[in-house]
Amino acid sequence: MKKGMRLVLAVVLVLIIAAGGAGAYVYWGLQPPAKSDQPVRFTIEPGTGTEAIADLLQDKGLIRNSLLFKLSLKYKSEGSRFQAGTYEMNPGATADQIIAKLNSGDVVPEEMIRFTIPEGFTVKQMADKLQEEGVANAETFLKLVKDPASGGIESSLLEQIPADAKLMYRLEGYLFPETYELKKGSTEADMIQRMLEETSVKLEQIPDFDAKLKANGYSLNQIMTIASLVEREVVVDKERPIVAGVIYNRLKQNMKLEIDATVQYLLGKPKERLLNSDLRKVDSPYNSYLYEGLPPGPIAAPSLKSIEAALEPEKSDYLFYVTKKDGSQEHLFAATYQEHLANIKKSQAAAK
């Protein structure tokens, strides 16, 4: 064989070997790493490009070669739909499986905290409950509901809540009673902001809310105050509009409301049974036995039904009501004081 032919064959052989080696390298580089049962967690920050993501995947041992992965993405027209977030993947996943997971945004579910605020709770009760459940500091919570601006809490509702020194807590009555889920690590301000937003949402869900509020003639703060009184006084839903009507009737006649719940609010720790001495013990504008008109603000978190009752009270001549002592938790209503005294006797006679 001539010398020139041997040289050509040698070159061809080298090229074949090189091509084979390159092919083997590419094939190896695109194969998944060894499988592992130990998941690897990593986070893709918003705005991260595909090249940086490929480098991250290699650093985490999820792909063998970031350069080959990048070339593969270009060849497959992939990478433009990768979503930010925190992921968990097990080494051994194929490139296609990794791409699919990043495209779908199959991120690790965030750890959440869950808490429930019962209807009729005061902010003090909320603070104590959240502290007992280990999700908030009661003192910090109460400071923020007293002065929401100090925690950067914002809401259009704040424009309608007077910054009145007479208010015990400015956000009393405006943290909606509901079950909430927030990210683990949420601050007291985050919780309050979320509950305040829920109140806005619930008010917007009331049909023709703005029109009803305007027609009622009372401010939002007064409506929420009446709703909170109804919430603390009434258990049976059908009676909410009736009791709201009684409150309006007494206000129109400049009668003291004389609602026990306002005194309970001032006592801090509710008493099972109020004595006559309790009713006038605390000199406060919240004490409806001492002062005419509404308290400066709500005394608890009203339910949606109580808010609706305050917006649209049932018309009647009733000025008084007394709880039935038959276990029904309903009330007897009266238009005159004489009728009220008779109802008190009926209630006591029916006591179980």
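Below, all heavy atoms of this structure are taken into account, side chains as well, without hydrogens, waters or symmetry copies. Source: prediction; values computed, not measured.
Classification of the Tyr321-Phe333 ring pair by plane angle, with boundaries at 30° and 60°, yields tilted.
Evaluation of the side-chain hydrogen bond (donor to acceptor under 3.5 Å, both in side chains) test over residues 342-351, restricted to residues two or more places apart or in two chains, returns none.
Between the side chains of Asp326 and Ser328, at least one donor-acceptor pair of N or O atoms lies under 3.5 Å. For the 3.5 Å distance criterion, the side chains of Gln83 and Asp106 fail to qualify, holding no donor opposite an acceptor. Side-chain atoms of Tyr248 and Asn216 form a donor-acceptor pair, as typed in the model, at a separation below 3.5 Å. With hydrogens and angles left out, the side-chain atoms of Asn287 and Ser284 include no donor and acceptor closer than 3.5 Å.
Of the possible polar contacts, one joining the Glu239 side chain to the His331 backbone as a donor-acceptor pair under 3.5 Å is found. Under a 3.5 Å cut-off, the side chain of Asn65 and the backbone N or O of Leu68 do form a donor-acceptor pair. Although no hydrogens or angles enter the test, the distance criterion places no donor-acceptor pair under 3.5 Å between the side chain of Asp237 and the main chain of Lys305. Judged purely by atom type and a 3.5 angstrom limit, Gln222 uses its side chain to pair as donor or acceptor with the backbone of Ser219. Using a distance-only test at 3.5 Å, with no hydrogens or angles considered, no donor-acceptor pair links the side chain of Gln329 to the main chain of Val235. The backbone N or O of Tyr180 sits nowhere less than 3.5 Å from a side-chain atom of Arg114 that would complete a donor-acceptor pair. Distance alone, capped at 3.5 Å, places no donor-acceptor pair between the Ser186 side chain and the Met191 backbone. Side-chain atoms of Arg41 do not come within 3.5 Å of backbone N or O of Thr86 as any donor-acceptor pair. In this structure a side-chain-to-backbone donor-acceptor pair under 3.5 Å is missing from Lys101 to Tyr87. A donor-acceptor contact shorter than 3.5 Å is absent between the side chain of Ser306 and the backbone of Pro302.
Put simply, the side chain of Ser303 reaches to within 4.5 Å of the side chain of Glu231, judged on heavy atoms. In this structure, the side chains of Leu157 and Leu203 come closer than 4.5 Å at one or more pairs of heavy atoms. In this structure the side chain of Phe141 never reaches within 4.5 angstrom of the side chain of Lys146, judged on heavy atoms. Residues Met89 and Val40 fail the side-chain proximity criterion, which asks for heavy atoms closer than 4.5 Å. At a threshold of 4.5 Å between non-hydrogen side-chain atoms, the residues Ile98 and Leu57 count as touching. Residues Lys256 and Leu290 form no side-chain contact, since every pair of their non-hydrogen atoms from C-beta on lies 4.5 Å or further apart. Taking the side chain as every heavy atom from C-beta outward, Pro313 and Pro241 never approach each other to under 4.5 Å. Contact check for Arg64 versus Gln31: side-chain heavy atoms found under the 4.5 Å cut-off.
Cluster annotation: Leu175 is connected to Leu220 through the hydrophobic network of ILVMFWY side chains, with a link wherever side-chain heavy atoms come within less than 4.5 Å. Ile259 and Met255 fall into different hydrophobic clusters, where Ile, Leu, Val, Met, Phe, Trp and Tyr side chains are chained together by heavy-atom contacts under 4.5 Å. Side-chain heavy atoms closer than 4.5 Å link hydrophobic residues (I, L, V, M, F, W, Y) into clusters, and following such links, even through other members, never connects Val201 to Phe209. Taking hydrophobic clusters as Ile, Leu, Val, Met, Phe, Trp and Tyr residues chained together by side-chain heavy-atom distances below 4.5 Å, Ile247 does not share a cluster with Val322. Using a 4.5 Å cut-off between side-chain heavy atoms of Ile, Leu, Val, Met, Phe, Trp and Tyr, with links allowed through other members, Ile113 and Val108 fall into different hydrophobic clusters.
With respect to the salt-bridge test (charged N to carboxylate O, under 4.0 angstrom), the residues Lys124 and Glu172 do not qualify. Under 4.0 Å is where a charged nitrogen must lie from a carboxylate oxygen, and between Lys76 and Asp96 at least one such pair does. At a threshold of 4.0 Å, the pair Glu111-Lys183 does not count as salt-bridged, since none of the basic side-chain nitrogens sits closer than that to a carboxylate oxygen.
Here the closest non-hydrogen pair linking Leu196 and Ser155 is CD2-CB, 3.4 Å. Taking each heavy atom of Val236 and Glu330 in turn, the nearest pair found is CG2-CG, 3.6 Å. Between Ala310 and Ala227, the closest heavy-atom pair is CB-N, 3.8 Å. Residue Arg81 comes nearest to Asn103 through the heavy atom pair NH2-ND2, 3.3 Å, listed as atom of the first residue, atom of the second, then distance. Contact record, Pro39 with Glu88: CB-OE1, 4.1 Å, taken as the closest heavy-atom pair. Counting all heavy atoms, side chain and backbone alike, Leu294 lies closest to Leu257 at CD2-CD1, 4.0 Å.
With sequence neighbours excluded, no residue satisfies side chain to side chain donor-acceptor pair (under 3.5 Å) with Glu308. Residues passing the ring-ring contact (aromatic ring centres under 6.0 Å, His included) test with Tyr286, sequence neighbours excluded: Tyr265. Considering only residues two or more places apart in sequence or on other chains, Asp317 meets the side chain to side chain contact (heavy atoms under 4.5 Å, CB included) condition with Ala335. Every residue meeting the side chain to side chain contact (heavy atoms under 4.5 Å, CB included) condition with Lys70, not counting sequence neighbours, appears here in chain and number order: Glu51, Ala54, Asp55, Ser66. Here Gln125 pairs with Phe121, Thr122, Arg232 under the side chain to side chain contact (heavy atoms under 4.5 Å, CB included) rule; sequence neighbours left out.
Note that Arg250 lies outside the cation-pi zone of Tyr318, set by a 6.0 Å cut-off to the ring centre and a 45° limit from the axis. A cation-pi arrangement is not found for Lys60 relative to Phe42, the charged atom failing to lie both closer than 6.0 Å to the ring centre and inside a 45° cone about the ring normal.
Rounding to the nearest 0.5 angstrom, the gap separating the CG atom in Asn90 from the CD atom in Gln97 is 10.5 Å. A distance of 6.5 Å separates OG1 of Thr50 from CG of Leu73, quoted to the nearest 0.5 Å. The distance from the CD1 atom of Ile223 to the CG atom of Asn221 is 10.0 Å, given to the nearest 0.5 Å. Put simply, CE on Met112 and CG on Leu182 are 6.5 Å apart, with the number rounded to the nearest 0.5 Å. For the atom pair OG1 of Thr140 and NZ of Lys143, the computed distance is 6.5 Å after rounding to the nearest 0.5 Å. We find the CD1-CG distance between Ile153 and Leu158 to be 8.0 Å, quoted to the nearest 0.5 Å.
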> So Lys212 and Glu312, side-chain contact (heavy atoms from CB on, under 4.5 Å) or not? Walk me through it.
Replying inline: CA-CA 8 Å; Lys212 289 176 181 177; Glu312 297 184 280; 3.2 Å; yes
>> What verdict does the salt bridge (Lys or Arg N to Asp or Glu O under 4.0 Å) test give for Glu314 and Arg240, after you've listed the backbone C-alpha separation in whole Å, the side-chain angles of each residue and the deciding distance to 0.1 Å?
In response: CA-CA 9 Å; Glu314 184 171 316; Arg240 295 182 193 275; over 6 Å; no
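Open room surrounds CD on Glu154; 12 or fewer heavy atoms of other groups in view lie less than 6.0 Å from it. By the 6.0 Å contact criterion, CD on Glu139 is open, its count of non-hydrogen atoms from other residues, nucleotides or ligands being 12 or less.
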